[in-house]
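Below is one structure, written out as structure tokens, with a few remarks after it.
Quick note: residue numbers are just sequence positions, from 1. In this text, all values refer to a predicted model and were calculated from it rather than measured experimentally.
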Amino acid sequence: QVQLVESGGDLVQPGGSLRLSCTASGSIFSLNAMNWYRQAPGKERESVATSTGDGKTNYADAVKGRFTISRDNAKKTVYLQMNSLKPEDTAVYYCNANIQTSPYRRGVGYWGQGTQVTVSS
């Protein structure tokens with residue numbers, strides 16, 4: 001069994017900062033891409049930031065220059081540092097990871113349960 005557990009969501013004022021964490025646990029052979037998505041009320045889930053297994057990162061245009069994704073493979077954790085937060089960043093943030101549980105199996109996508117980020121004065 002593989003689990004992804006997010007933490008760090010909170011209520012923050014516009015212009016503030018938050019750091020989200022997502023830790024993988026269970027039978028893990030290899031962590032490949034680790035990603036953050038978000039879903040605002042009434043909207044579809046969208047990609048926010050991606051960290052590939054070889055260290056490359058990619059960001060949605062809406063968060064470039066404000067958000068930073070990083071990972072600690074030893075801790076099986078991916079982070080999302082969010083600065084200069086705006087009300088439109090309000091959403092449930094989800095962690096997603098492609099994980100191999102065995103060298104003989106392909107990687108499979110797993111999702112966390114989500115953590116609420118609310119940006120409001």
Q. More than 12 non-hydrogen atoms from neighbouring residues, nucleotides or ligands closer than 6.0 Å to CD on Gln3, yes or no?
A. no
Q) Is it true that a side-chain atom of Arg71 and a backbone atom of Thr52 form a donor plus acceptor pair closer than 3.5 Å? A) yes
Q. Measuring from Tyr79:OH to Ser7:OG, what's the distance to the nearest 0.5 Å?
A. 9.0 Å
Q: Mind running side-chain contact (heavy atoms from CB on, under 4.5 Å) on Gln81 and Ser17 for me, showing each step along the way?
A: CA-CA 7 Å; Gln81 177 66 43; Ser17 297; 4.0 Å; yes
**Q.** Within 6.0 angstrom of Glu44 CD, more than 12 heavy atoms from elsewhere
**A.** no
Q) Hey, mind stepping through Ser47 and Asn35 against side-chain contact (heavy atoms from CB on, under 4.5 Å) and telling me if it holds? A) CA-CA 8 Å; Ser47 175; Asn35 317 297; 5.7 Å; no
Q: With rounding to the nearest 0.5 Å, note down the distance linking CG in Asn98 to CG in Asn32.
A: 4.5 Å
Q: Using a 4.5 Å cut-off on heavy atoms from C-beta on, say whether the side chain of Leu11 contacts that of Ser120.
A: yes
Q. Shortest non-hydrogen contact from Glu6 to Cys95?
A. OE2-N, 2.7 Å
Q: Taking all heavy atoms of Gly112 and all of Tyr94, pick out the closest pair and write down the distance.
A: O-CD2, 3.7 Å
Q. Which heavy-atom pair separates Phe29 from Ser102 by the least distance, and what is that distance?
A. CB-N, 3.7 Å
(Q) Could you tell me if the side chain of Pro87 sits less than 4.5 Å from the side chain of Pro14, heavy atoms only? (A) yes
Q. Between the side chain of Gln100 and the main-chain N/O of Arg105, is any donor-acceptor distance below 3.5 Å?
A. yes
Q: First locate atom CZ of Arg19, then atom CG of Asn83, and finally report the distance between them rounded to the nearest 0.5 Å.
A: 11.5 Å
Q: Could you tell me whether the side chains of Thr118 and Gln116 share a donor-acceptor contact shorter than 3.5 Å?
A: yes
Q | 4.5 Å side-chain heavy-atom contact, Asn96 and Trp111 | A | yes
Q.
Can you see whether Thr77 engages Thr23 through a side-chain donor-acceptor pair at a distance of less than 3.5 angstrom?
A. yes
Q. Out of Val92, Asp89, Thr90, which one pairs with Arg38 under the side chain to side chain contact (heavy atoms under 4.5 Å, CB included) rule?
A. Asp89
Q | Hydrophobic cluster (4.5 angstrom, side-chain heavy atoms) - remaining members for Leu18 | A | Val2, Leu4, Val12, Leu20, Ile28, Leu31, Met34, Trp36, Val48, Tyr59, Val63, Phe67, Ile69, Val78, Leu80, Met82, Leu85, Tyr93, Ile99, Val108, Tyr110, Val117, Val119
Q. When you measure from the side chain of Asp72 to the backbone N and O of Lys75, does any donor-acceptor pair fall under 3.5 Å?
A. yes
